[in-house]
Amino acid sequence: ESSCNLFLAALDKVGNTDMSCKLFNEMKARGYAADVMTYNILIHSLVKAGRVEEAEKYFEKMRDDNCSPDKVTFSVLIGMLGKAGKVETAHDLFREMITKGVAPDVVTYNSLIDITGKAGNTQQALQLFHEMECKGVFPDVYTYNILIYGLGKQGQGKAAYDLFKKMISTGHTPDVITFNHLIDALGRSGAVDLALELLKHMPRHGCTPDHATYTILIDRLGKGGDLKASKDLFKEMLVKGCKPSSYTFNSLIDNLCLGGFYDEAHHLYNQMTDAGCPPN
RNA sequence: CUUGUUUACGACUAU
């Protein structure tokens, strides 16, 4: 049975979901028992493949199989429901797991906070953050990143920045994703100067800007009409040895086109393949 | 090397 799980995990990695289902049926047919991990791996594979209905079917199957879902099962399903836009159902499931005596951990909370924030309910996301702290489930860097992202997407750059400061003052270590989310949040709420300031402060926090960091700022500067600053930052990125991605080129090209600079846009387009990122 | 959580461009959603 445990070798079946190993096999399922390998199939999950390569994304061969059909084969996973086959293997599951095969093992059942041969009378092997599926444990909670078997179901978790399979359900997660189905979710990744966008096969939500089948994932739900296997979740129901667990019941008949006398196999109790654990915190991983619930976390996977919560994430799935969120992506399907069923955030309320996800909250119901969260309550259900608690009722059933399955204690949510930091990943469960992170998943729920993420989908709640992405649905635009930042208030409720922050409430869950508070709730987990009260329950002694300690927030990690994911928790902060998720919250900062949610706040940013709602245009609450100030709140995102405040949370970042709280994070630092409580001894949490930010990572490059924290900065990317925060820089994006600030840019969206018009605080581009502060966003640029943060870019400079990253090394002080042990973080190195990556291609996403630069692209976020390059795009924001361009969208704000400052093509000069946008292009300068692109040059800086290259000078610092950070490789641009298709996103970077696409963003620059888009903003140049919006500004009417078609020749320059075309010039950049011609450079993409040589730069290692062919047009996508 | 047995399972779960977060990021950037574009896209019928723009002014």
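Labels below follow one simple rule: chain letters A, B, ... track the order of the sequence lines, proteins then strands, and each chain is numbered from 1. Atoms considered below: every heavy atom in the structure, side chains included; atoms not considered: hydrogens, waters and symmetry mates.
Using a cutoff of 4.0 Å between basic side-chain nitrogens and carboxylate oxygens, A/Arg51 and A/Asp18 are scored as salt-bridged. In this structure, A/Asp65 does not pair ionically with A/Lys61, as no charged nitrogen and carboxylate oxygen lie closer than 4.0 Å.
A/Ser230 is linked by a side chain to side chain contact (heavy atoms under 4.5 Å, CB included) to A/Ile218, A/Leu221, A/Leu252, counting only residues two or more places apart in sequence or in another chain.
The P atoms of B/rU15 and B/rA11 are separated by 13 Å, rounded to the nearest whole Å. Rounded to a whole angstrom, the distance from the C1' atom of B/rC9 to that of B/rU5 is 24 Å. Between the P atoms of B/rA14 and B/rG10, the separation comes to 14 Å (whole Å).
Taking a pair as Watson-Crick or G-U wobble with both distances under 3.5 Å, RNA chain B forms no stem of 3 or more consecutive pairs.
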A correct 5'-to-3' footprint of nucleotides 4-11 of chain B, with B, S and - meaning base, sugar-phosphate only and no protein heavy atom under 4.0 Å, is BBBBBBS-

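Remark: P of B/rU3 and CG of A/Asp35 are 12 Å apart, rounded to the nearest angstrom.
A/Leu128 places a side-chain heavy atom less than 4.5 Å from the side chain of A/His91. Contact check for A/Leu93 versus A/Met97: no side-chain heavy atoms found under the 4.5 Å cut-off. Side-chain atoms of A/Val141 and A/Pro174, non-hydrogen and from C-beta on, never get closer than 4.5 Å to each other.
Across all non-hydrogen atoms, the minimal contact from A/Lys228 to A/Asp232 is NZ-OD2, 2.7 Å.
Note on A/Val176: it does not cluster hydrophobically with A/Tyr247, by side-chain heavy-atom contacts below 4.5 Å among ILVMFWY residues.
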